[in-house]
Q: 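There's a structure below that I have some questions on.
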Amino acid sequence: MTVTYSRIAVIGAGAMGRGIAQIAAQAGSDVLLLDSFAGAAERGREALAAQWQKLHEKGKFDEAHRDALVARVQAVGSIQDLASCDLVIEAVIEDLEVKRALFKELETVVAASATLATNTSSLSVTAIAAGLQHPQRMAGFHFFNPVPLMKVVEVVAGFKTSTDVCARLSAYAKQMGHSAVQAQDTPGFIVNHAGRGFGTEALRIVGEGVTDFATIDRILKDQAGFRLGPFELMDLTALDVSHPVMESIYRQYYEEPRFRPSVITAQRLAAGALGRKTGEGFYRYVDGVAQVTPEPAAPTLDLPQSVWVSPRAARRPDVLRLVHSLGAQLETGATPSAAALIVVAPLGFDVTTVAAVERLDATRTVGIDMMIDDAATKRRVIATNPATRLDMRDTAHALFARDGKAVSVIRDSGGFVTQRVVGTIVNIAADMCQQRVCSPVDLETAVRLGLGYPQGPLAMGDLYGPTNMLEVLFNLQTVYGDPRYRPSPWLRRRGALGLSLMHEEE
């Protein structure tokens with residue numbers, strides 16, 4: 001197979017640059033490695049040689065192939081040495097003026113037919129290319145660390161980028177063993193844009209005093225299937241990385257409420273509680289292991305005298321079957337008796353609103369999150385309201401934990417936890433499609449490979465129902481009065497018509 005670019009340059013010999021050089025050499029390209037720090041390029045080449053040696057020792061490839069890979073990488077000392085390259089990939093500091101100056105100098109060195117690519121994660125490709133004589137040959141080529149393992153690359157078209165350049169870069173990414181996704185030049189591109197909802201909504205829930213960090217992490221892992229909770233993830237990436245990204249995308253979108261950052265991360269960043277690398281973040285770490293307080297055991301109490309389930313409860317037949325299977329006596333009257341535990345199951349609304357609208361005795365009313373089929377989850381979540389009696393709270397906790405399934409008890413919250421976070425994720429993704437940032441297919445691919453979600457956000461919305469997602473968001477907006485929750489037109493129209501969120505207009 002003929003490689004799309006036979007001779008490339010990678011500028012920047014840090015972890016990102018080395019990763020790009022590694023997969024480029026493995027794809028069959030000759031690679032020139034350049035770094036502004038003396039000796040860094042040669043050290044980068046040696047690190048790659050050592051890595052290939054380890055892979056050889058593990059039997060991944062033979063000695064001849066190892067030697068061929070090492071021979072394809074050469075450390076060089078100046079930009080002038082890059083004159084023969086047909087692709088130059090920049091992976092230097094995230095500074096607009098530094099990148100602009102670098103590409104202006106490159107334009108005087110490489111051939112007019114050479115492609116110029118920036119690995120920027122947060123800067124505008126259009127702004128970087130603005131000073132070039134031939135901006136049409138420059139594009140974003142955004143990889144993720146660690147490059148050999150993160151099998152997705154965003155190919156970003158600037159305002160003047162040629163479609164042929166994007167097509168060639170996409171073909172080259174495929175030869176590298178990566179999936180290329182096409183993105184317009186918007187803040188955060190695809191992955192960092194789509195990832196805004198997970199952490200920021202979880203921070204809002206904590207900020208309202210609904211529950212603590214560890215409980216939110218448990219709920220989102222056990223109910224919705226995320227591999228890491230949002231606070232575990234922020235500790236892993238470190239707040240000196242994640243908080244500036246939150247602020248950058250919020251500001252670049254002229255303070256769009258959907259991307260609003262949190263004072264919680266700003267304070268922790270100022271305090272130096274960055275996460276695992278500092279030994280303290282949302283969790284405290286000992287020898288790299290998070291110290292998590294065990295969950296308190298569910299109370300052991302007698303069954304409630306009887307249980308009345310609201311006629312408006314989401315998945316009401318499932319709630320009735322669940323309560324019956326747990327051994328409780330169900331009431332069938334139009335209104336609850338004077339002693340019954342009252343159970344509501346709203347979508348988007350909080351327990352308070354439901355109790356007030358349905359004229360229920362709030363002191364005996366608790367909510368259960370039934371957006372997701374109970375059989376598909378490892379955890380139930382129940383919520384009190386400010387008037388719920390402690391004995392009713394504990395009775396409900398004991399009842400719903402009776403079969404051994406984990407139960408989290410939280411304070412009142414529109415949309416509990418999972419509804420709020422999933423709804424926000426789905427809504428942001430839908431609006432990215434509405435803005436034509438990327439295609440629905442590329443969005444799904446980028447998020448699955450770049451963020452490791454259990455499904456892409458549009459598939460997640462389809463799984464739980466676009467109409468349900470729409471109801472969650474409308475009701476959240478009613479409860480909080482915050483434009484953050486306004487549904488995207490993409491979601492509103494497809495939810496109203498019962499269409500898949502992957503459905504594109506003809």
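In what follows, residues are counted from 1 in the order of the sequence shown.
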Q: Can you find a side-chain donor-acceptor pair between S310 and E358 that sits under 3.5 Å?
A: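 The criterion, which ignores hydrogens and geometry beyond distance, is satisfied for E358 and S310.
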
Q: Taking it one step at a time, do R389 and D391 satisfy salt bridge (charged side-chain N to carboxylate O under 4.0 Å, His left out)?
A: CA-CA 5 Å; R389 296 192 330 237; D391 64 317; 2.9 Å; yes

Q: Do the non-hydrogen side-chain atoms of F349 and V344 ever get within less than 4.5 Å of each other?
A: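 No - every pair of side-chain heavy atoms lies 4.5 Å or more apart.
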
Q: Would you say the side chain of L326 lies within less than 4.5 Å of the side chain of L322, judging by non-hydrogen atoms?
A: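 Yes, at least one pair of side-chain atoms sits under 4.5 Å.
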
Q: What residues form a side-chain contact (heavy atoms from CB on, under 4.5 Å) with E331, not counting sequence neighbours?
A: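 Once residues adjacent in sequence are excluded, the partners of E331 under the side-chain contact (heavy atoms from CB on, under 4.5 Å) criterion are S306, W308, P336, S337, A340.
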
Q: Scan side-chain atoms only and decide if T467 and E471 contain a donor-acceptor pair under the 3.5 Å cut-off.
A: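 Checked: T467/E471 side chains show no N/O donor-acceptor pair below 3.5 Å.
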
Q: For I410, which residues count as a side-chain contact (heavy atoms from CB on, under 4.5 Å) partner, sequence neighbours excluded?
A: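 Checked I410 against side-chain contact (heavy atoms from CB on, under 4.5 Å); matches are V210, T211, T215, I219, V381, A383, F416, V417.
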
Q: Check whether W490 forms a cation-pi arrangement with R492 (NZ or CZ under 6.0 Å from the six-membered ring centre, at most 45° off the ring normal).
A: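 That pair does not qualify as a cation-pi contact.
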
Q: For the CD1 atom of I23 and the CE atom of M176, what is their distance to the nearest 0.5 Å?
A: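 It comes to 4.5 Å.
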
Q: Please test E255 against R260 for salt bridge (charged side-chain N to carboxylate O under 4.0 Å, His left out), starting from the C-alpha separation and ending with a verdict.
A: CA-CA 7 Å; E255 301 185 353; R260 190 183 300 126; over 6 Å; no

Q: If I compare all heavy atoms of G197 with all of I425, which pair ends up nearest, and what's the gap?
A: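 Closest approach of G197 to I425: C-CG1, 4.2 Å.
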
Q: Just by distance, no angles: are the side chains of Y453 and E444 close enough, under 3.5 Å, to form a donor-acceptor pair?
A: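 No donor-acceptor contact under 3.5 Å links the two side chains.
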
Q: Looking at the rings of F226 and F198, which for Trp means the six-membered one, are their centres under 6.0 Å apart?
A: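 Aromatic pair counts; centres sit under 6.0 Å.
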
Q: Does either side chain, that of N427 or that of S488, offer a donor lying less than 3.5 Å from an acceptor on the other one?
A: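 No donor-acceptor contact under 3.5 Å links the two side chains.
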
Q: Does a salt bridge link R258 with D431, judged by any charged N lying under 4.0 Å from a carboxylate O?
A: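 Between D431 and R258 there is a salt bridge, with a charged N closer than 4.0 Å to a carboxylate O.
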
Q: Please name all residues satisfying ring pair (Phe, Tyr, Trp, His ring centres under 6.0 Å) with Y283, sequence neighbours left out, ordered by chain then number.
A: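 So Y283 forms no ring pair (Phe, Tyr, Trp, His ring centres under 6.0 Å) with any residue.
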
Q: Are side-chain heavy atoms of V421 and I205 found at a separation under 4.5 Å?
A: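 They are in contact (side-chain heavy atoms under 4.5 Å apart), so the answer is yes.
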
Q: Can you measure from CG (L499) to CG (L491) and round to the nearest 0.5 angstrom?
A: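 Answer for the CG-CG pair, L499 versus L491, is 11.5 Å.
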
Q: Are R380 and D374 packed together at the side-chain level, in the sense that at least one heavy-atom pair is separated by less than 4.5 angstrom?
A: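 Side-chain contact under 4.5 Å: yes.
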
Q: Please tell me whether Y250 and F259 form a close aromatic pair, meaning their ring centres lie under 6.0 Å apart.
A: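 No - the distance between ring centres of Y250 and F259 does not fall below the 6.0 Å cut-off.
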
Q: For a quick test of reading the model, state the closest non-hydrogen atom pair linking L123 to F189 and the distance between them.
A: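 Minimum heavy-atom separation between L123 and F189: O-CZ, 3.5 Å.
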
Q: Cut-off 3.5 Å, side chains only: do T388 and N385 have a donor facing an acceptor?
A: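 Yes, side-chain donor-acceptor contact under 3.5 Å.
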
Q: To the nearest 0.5 Å, tell me how far R268 CZ sits from D240 CG.
A: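 Reported value, rounded in 0.5 Å steps: 14.5 Å.
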
Q: Go through the side-chain N and O atoms of D350 and T352 and say whether any donor and acceptor fall under 3.5 Å apart.
A: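 Not at all, the side chains of D350 and T352 share no donor-acceptor pair under 3.5 Å.
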
Q: Within a strict 4.5 Å, meaning less than it, do heavy atoms of the Q182 and S439 side chains meet?
A: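 No, their side chains stay 4.5 Å or more apart.
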
Q: Go through the steps to decide whether D235 and K277 satisfy the test salt bridge (charged side-chain N to carboxylate O under 4.0 Å, His left out), and finish with yes or no.
A: CA-CA 8 Å; D235 271 4; K277 71 180 184 181; over 6 Å; no

Q: Would you say R359 has more than 12 foreign heavy atoms packed within less than 6.0 Å of its CZ?
A: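 No, not enclosed.
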
Q: Please walk me through it: do M370 and V319 pass side-chain contact (heavy atoms from CB on, under 4.5 Å)?
A: CA-CA 8 Å; M370 291 295 290; V319 181; 3.6 Å; yes

Q: Ring centres of Y253 and H193 under 6.0 Å apart?
A: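 Yes, ring centres under 6.0 Å apart.
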
Q: When you compare the side chains of Q51 and Q22, does any donor N or O come within less than 3.5 Å of an acceptor on the partner?
A: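 Distance-only check passes for Q51 and Q22.
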
Q: Would you say the side chains of E94 and T120 form a donor-acceptor pair under 3.5 Å?
A: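 E94 vs T120: donor-acceptor pair found between side chains.
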
Q: Is the shortest heavy-atom distance from the side chain of V245 to the side chain of S122 under 4.5 Å?
A: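 Answer no - side chains too far apart.
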
Q: For the residue pair F213 and F282, categorise the inter-ring angle as parallel (less than 30°), tilted (30 to 60°) or perpendicular (more than 60°).
A: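 Rings of F213 and F282: perpendicular, as their planes differ by over 60°.
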
Q: Nearest heavy-atom pair of L476 and G415: which atoms, and what distance?
A: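 Here L476 and G415 meet closest at CD2-N, 4.0 Å.
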
Q: Ignoring hydrogens and angles, state whether a donor on the side chain of Y464 or Q455 is under 3.5 Å from an acceptor on the partner side chain.
A: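 Per modelled atom types, Y464 and Q455 side chains form no pair under 3.5 Å.
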
Q: Is it the case that the side chains of R379 and S408 hold a donor-acceptor pair, with the cut-off being a distance below 3.5 Å and no angle test?
A: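 On atom types as modelled, these side chains qualify, holding a pair under 3.5 Å.
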
Q: Check whether any side-chain heavy atom of P457 lies under 4.5 Å from a side-chain heavy atom of L443, and answer yes or no.
A: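 Yes, at least one pair of side-chain atoms sits under 4.5 Å.
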
Q: Only counting residues at least two apart or in another chain, list the ones meeting ring pair (Phe, Tyr, Trp, His ring centres under 6.0 Å) with H397.
A: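 Scan of H397 (ring pair (Phe, Tyr, Trp, His ring centres under 6.0 Å), adjacent residues dropped) gives none.
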
Q: Does the side chain of T424 come within less than 4.5 Å of V422's, by heavy atoms?
A: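 No. Closest side-chain heavy atoms not under 4.5 Å.
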
Q: Shortest non-hydrogen contact from P294 to R218?
A: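 Heavy atoms only, the tightest pair is C-NH2, 4.2 Å.
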
Q: From M432 CE over to R196 CZ, what is the distance, rounded to the nearest 0.5 angstrom?
A: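 Nearest 0.5 Å value for the CE-CZ distance: 10.5 Å.
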
Q: Who are the side-chain hydrogen bond (donor to acceptor under 3.5 Å, both in side chains) partners of E247, not counting sequence neighbours?
A: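 Scan of E247 (side-chain hydrogen bond (donor to acceptor under 3.5 Å, both in side chains), adjacent residues dropped) gives H243.
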
Q: Looking at residues at least two apart in the chain, or sitting in another chain, which of them share a side-chain hydrogen bond (donor to acceptor under 3.5 Å, both in side chains) with D462?
A: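 D462 satisfies side-chain hydrogen bond (donor to acceptor under 3.5 Å, both in side chains) with S500 only.
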
Q: Are side-chain N/O atoms of T377 and Q223 paired as donor and acceptor at under 3.5 Å?
A: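 No, Q223 and T377 have no side-chain donor paired with an acceptor closer than 3.5 Å.
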
Q: Is the shortest side-chain N to carboxylate O distance from R227 to E232 below 4.0 Å?
A: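 No, R227 and E232 are not salt-bridged.
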
Q: Using distance alone, with no hydrogens and no angle criterion, decide if T118 and E90 have a side-chain donor and acceptor under 3.5 Å apart.
A: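 A donor-acceptor contact under 3.5 Å links the two side chains.
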
Q: Any luck finding a side-chain donor-acceptor pair between Q419 and D369 under 3.5 Å?
A: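 Yes - a donor-acceptor pair under 3.5 Å links their side chains.
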
Q: Can you give me the closest heavy-atom contact between N192 and S121, atom names plus distance?
A: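 Closest pair (atom of N192, atom of S121, distance): ND2-O, 3.7 Å.
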
Q: Please check if any side-chain donor atom of W52 sits under 3.5 Å from a side-chain acceptor atom of Q26, or the reverse.
A: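 Their side chains do contain a donor-acceptor pair, which is all the 3.5 Å distance test asks for.
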
Q: Between R484 and E201, does any side-chain N to carboxylate O distance fall below 4.0 Å?
A: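 Looking at R484 and E201, the cut-off is met.
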
Q: What I want to check is whether the side chains of T186 and Q435 have a donor and an acceptor closer together than 3.5 Å.
A: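 Per modelled atom types, T186 and Q435 side chains form no pair under 3.5 Å.
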
Q: Of the non-hydrogen atoms in V156 and D185, which two are nearest, and what is the gap between them?
A: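 Looking at all heavy atoms of both residues, the closest pair is CG1-CA, 3.7 Å.
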
